[in-house]
Every structure is written in structure tokens, then in C-alpha cells.
Amino acid sequence: IKKTFAEVQTERLEQAERTILIKCPPKLNEKKLLQYLSSHGNIKSHFLFENRGIHALIEFSEKNSIASLQDAIGIPSAIEHHVVPFKSRLFTFMLKNPVSQAAEETPVHLSPQSHIPVKDLIQKLCHADSISSQMYILLNEYQLTEENIRLRFLACSLVRDFARAYFPDSVVRPFGSSVNTFGKLGCDVDMFLDFHDTQKRATKMKKGPFEMEYQMKRLPSERLANQKILSVIGDCLDNFGPGCVSIQKILNARCPLVKFSHQPTGFQCDLSVSNSIAIKSSELLYIYGCLDSRVRALVFSVRCWARVHGLTNSAPGNWITNFSLTVMVMFFLQKRSPPIIPTVDQLKVLADDKDMHVIGGYDCSFVSDLSKVKPTENTETLDVLLGEFFEYFGNFDFRKNSINLRKGKEVNKPESSPLYIWNPFEQDLNISKNVNQPQLEKFVAMARETAWILQKEDKTQRMINKEPWGLAALLIPFGKSNNSKMKNRVKGIGSETIRSLLDSLKLNSASSLQKAVEK
Ligand code: CTP
Ligand code: MG
């Protein structure tokens, strides 16, 4: 049984509060470290990973074990540097007698926090037996791992420790790709400060014949308040946060935020203030991602394809974003016959009382209990869906139509942006407003070329030729896809030009021979 989005969030945040992170010496006896920590409480789980040195993430069973540990450990001596006496849940573990203790070193398992390079992925894909299985291989290699998700929630929980110095009821929650089931290893952590608890209490107090409220500083706009809060928390992280570096306050953006790099976990983080609609769109994508296993597989393949061909970019600009691409895939899946996922309106019909949410005048109600959504009767394979996706968007009338997940059908564009994708909740916002005409045209051209490659593809032939086939062939920049270069990319031979030239000659004559035989 799949958990609801809210259940996952609550569980993960609670788990993160019982978690610490320890930087370890290069030579480590894992068992002894755990023994040492166990004197403060039962360790529920742990793992080690590499991030500029070995780190151990330790989850205690009880939160108070951390307080016990914090009481017992020292503060760095201030000989060379003066330290800011902020006590966090980040520690350094040291050997008192490095030479003799290093001898007790035992081999450790390090859990990977990044995905394999595309060229290694392409090689793996070539050994699969169908495009469908290639797509699941890609998904498995790129998706967030259990360990990486824990680390993301820990990063949020560590930022919360700062926010709480000012706002004791506040929570820092991740949203976006860290939690919407479409996150890829290495993606940023989007987090926001949530003061929701305070609001809940306010509604309770209003019952009865009297009313009381806090005296609070009043500001002309919510935006201004958010800017002030973020500015202060940003300074706090900058001045006191262990391992928080490259802090950038971007307070004039439509959605003000603080960007920083969190070295202990290795994440690039974007912190904003309570954005309930963004969390609702994360939940919507979570539901879609959980409903059918083909959904995530298709999204990961399309995103990887877009990245390889320069359609998306980690720097901000006129490119299509991963978020827009994901919504486009959802729309395509709604348009299949029978549909693979329901429209937002259909999910709203299934909502019960507790699912009713109106945020800032926008109706964000939809079902949270996944078991209430009837599974699809569509049985198309991913092989078919991948090709059809490119076919569909290669021929989409972007000039006239817009993409609307709420209705699950093309709607006339309300204004002239080249690509118009409705925000599923804030219905007057275009989530792809940034995309310009040339970028859209590039997308369409690539989609057409890809659809064509998939159609003409002769898998058996390509496998005999030991050429990348299916999804693998789509993950090589198209300009470079003549035989010899492709073989180079796959084998990683590099500059052995002559050998590959000979190879490709052999292959070409072999394949033309075979073709002649077939005729
Ligand atoms: N968002 C939105 N409208 C936009 C951009 C973003 O509502 N125009 C919300 C979405 O909920 C999105 C989240 O903000 O998931 C985070 O945005 P972003 O980091 O750009 O996208 P991710 O989904 O996190 O994808 P990526 O892995 O590329 O970061
Ligand atoms: Mg993101």
C-alpha cells in the first residue's frame, strides 16, 4: 500500500530530527564508531558515503540520544580560528591515536550519492532486451536512493534548527523534485519555511465567546515579510551555519529565495518561504508518479534525452525546465486512449473533506488516498509510449494550443507565449513563460527527429552491429551519430581513429552484405 504524500513527509521529517551526520577519518572501523555512539542510545539505522571524505549518517531510535551525545562532545579549540558556538548535529569523529587505531580499519560500504555518467549508462542500456527495459534501467540508475532521500530531509532539518531560533513553530520542508518522485541523483534541494502550525493554532483559539491574538509586526505585503525573514535566516546560515557556503539572497525574484551550498550533505539548496501551491503541485506529481510504473520511467527517459540534446540546462534561461517537461509527459499520458493517468478535475471529484484546500483563492483540492484512484486499463508498452510521446509533441499545434492538466485536453492559448503550460492550480500562470520561440522550435525539431529514428530503427541489425540501439541511440547527440563516432562513444576508445575506421568499414560491408542477402 502506497503512503500518502503527507504521511511520507511527516515520517521523513521526524526521522531526520533523530539523525546526525559525522565526518570520519579516512581509515575507519565502522563497528567501533557505532559502538562508541551506542552508549548514547540505540542506533536505528546508518550508512556511510563519500563527500570530500567519508561521512556517516546515523539515525537514533530516540531524539534525546542526540542531546546526550551533544552533552558529551567537545568544542574545537580556538588556537588558529575562533569558532561560533552554535551547536548543530554535524560532528567530526577523530582517532586519538591515529597510527595504532588506523590499523583496525575495516573495509566499508559507501552508498553512492550520484548517478553514473551518461556514457556508462549507454553501455548498460545496450545489454537490455527491449526499449522498455532500457527505460527501467535508466530509472534505476538515476532515481533518488533511500539514502539520498534521507540526506535531503536531513539538510532541511538542519536548516530548521536555525529557523527555530526565531520561529519555534516553524518547519523546513522539501518540495519539488526531492519529494515528487521525479528527482534524479544530484538535483537541487528545494525547501521552504513553513509556519503552518502557528496558523492552525490560531483557528482553534477563535472558538468560544472570546478571541485573543498575538501582537505581531505588520507589514504592507506578504512578499515583504518573506523577504525580511529570508534575509535574516540567510545571514544566520552565512554567519553561523557549519558548511553553509556561497549564500546568495535572491529577494527580488517572483518567489524570493536564498540559495546556498550545503557542504556536509553536498547539496545545492534553494530556500524560500511557505509556498503552499508549490507543495500541492509536488503532491500532484507524487500521485501521478505512484499511480503507474510507466509514468516515472517515461519522465526519466524524456528528461535525460532533453539534457543530452541541450534542451534543458542547469543554468536559468529560455530553456524548457524539467518541471515543464514532466508536466508535458503527464499531459501526454492523460491523452492516451484509454488514459494512463486521470486529469486534475477527475482527481478532484475523488477528494474527500480532508482533501479540500483552497489556497489564495485557488482550488487545490484533489484526492490524497492513492487507493481511491482506479488503475488504468491502458496496457501500452513503454516502447510504444516513448515513440508516441515524440510523435505527439513533434506535431503539437503550439501556436494555437496550450497544455492543461486540469482538463486533460488542449485548450486555446490565453496569451501568446510560445509555450503555454497552465499551472495546475494557479490557473492564470504559465509555468513555461520563460521559454522563447527558438528553444521551442529546437524542442519540436528534436522530437521529430527522435520519433523518426525510433520508427526506422532496426533493433536486431543494430545489435548485430554492436551499435547503440533504442533508448541508447537517443542519448547520443545527433550530429555525432555516424557509425564510427558512435562506436567510439560507446566503447570510450577515444582517439583510436584508425582501428574504428577499419571496424566501421567491416561493419558497413557486413551489413550491406546482409541487406543484399535479405533482398
Ligand atoms: N514550480 C512551479 N512553477 C514554476 C517552477 C517551479 O510551480 N514555474 C514549483 C514546482 O512544484 C516545482 C518546484 O517549484 O516542482 C521546484 O522547482 P524546480 O526546482 O525548478 O523544479 P523541480 O521539479 O525541483 O526539478 P529539478 O530537478 O530540475 O530541480
Ligand atoms: Mg528543484
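These numbers come from the heavy atoms of this one structure, side chains and all, not from hydrogens, waters or symmetry mates. The first residue in the sequence is number 1, and the count goes up from there. Order of appearance sets the numbers: ligands from 1, and atoms from 1 within every ligand.
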N or O contacts of ligand 1 with protein under 3.5 Å, please list pair by pair.
from, atom 1, to, atom 2, distance (Å)
ligand 1, 11 (O), Ala278, O, 3.4
ligand 1, 11 (O), Ser281, OG, 2.8
ligand 1, 19 (O), Asp190, OD1, 3.2
ligand 1, 19 (O), Asp190, OD2, 3.0
ligand 1, 24 (O), Ser177, N, 2.9
ligand 1, 24 (O), Ser177, OG, 3.1
ligand 1, 24 (O), Asp190, OD2, 2.9
ligand 1, 27 (O), Ser177, OG, 2.8
ligand 1, 28 (O), Asn322, ND2, 3.0

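Between Tyr392 and Phe396, the ring planes are perpendicular. Angles over 60° get that label, and only those under 30° would be called parallel.
Close placement of the His55 and Phe49 rings is indicated, their centers lying within 6.0 Å of each other.
No hydrogens or angles considered: a donor-acceptor pair under 3.5 Å links the side chains of Lys249 and Ser231.
Around the Mg ion (ligand 2), protein atoms of type N, O or S found under 2.8 Å number 1.
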Name every donor-acceptor pair, under 3.5 Å, that has one atom in a side chain of residues 141-151 and the other anywhere in the protein, sequence neighbours excluded.
from, atom 1, to, atom 2, distance (Å)
Glu141, OE2, Lys124, NZ, 2.7
Gln143, OE1, Arg296, NH1, 3.4
Gln143, OE1, Arg296, NH2, 2.6
Gln143, NE2, Asn140, OD1, 3.3
Thr145, OG1, Asn148, N, 3.0
Glu146, OE1, Arg12, NH2, 2.9
Glu146, OE2, Arg12, NH1, 3.0
Glu146, OE2, Arg150, NE, 2.9
Glu146, OE2, Arg150, NH2, 3.4
Asn148, OD1, Arg152, NE, 2.7
Asn148, OD1, Arg152, NH2, 3.4
Asn148, ND2, Gln113, OE1, 2.9
Arg150, NH1, Ser45, OG, 2.5
Arg150, NH1, Glu59, OE1, 3.1

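Shown here for Leu475 and Ile122, the closest heavy-atom pair between the two residues is O-CD1, 3.6 Å. Across all their heavy atoms, Val344 and Pro424 have their closest contact at CG2-CB, 4.5 Å.
Between Phe389 and Val329, the closest side-chain pair of non-hydrogen atoms falls below 4.5 Å.
Legend: residues meeting side-chain hydrogen bond (donor to acceptor under 3.5 Å, both in side chains) with Asp363, ordered by chain and number and at least two apart, are Lys348, Ser365.
Residues Glu14 and Lys63 are not paired through a salt bridge, judged by the lack of any N-O separation under 4.0 Å between the basic side chain and the carboxylate.
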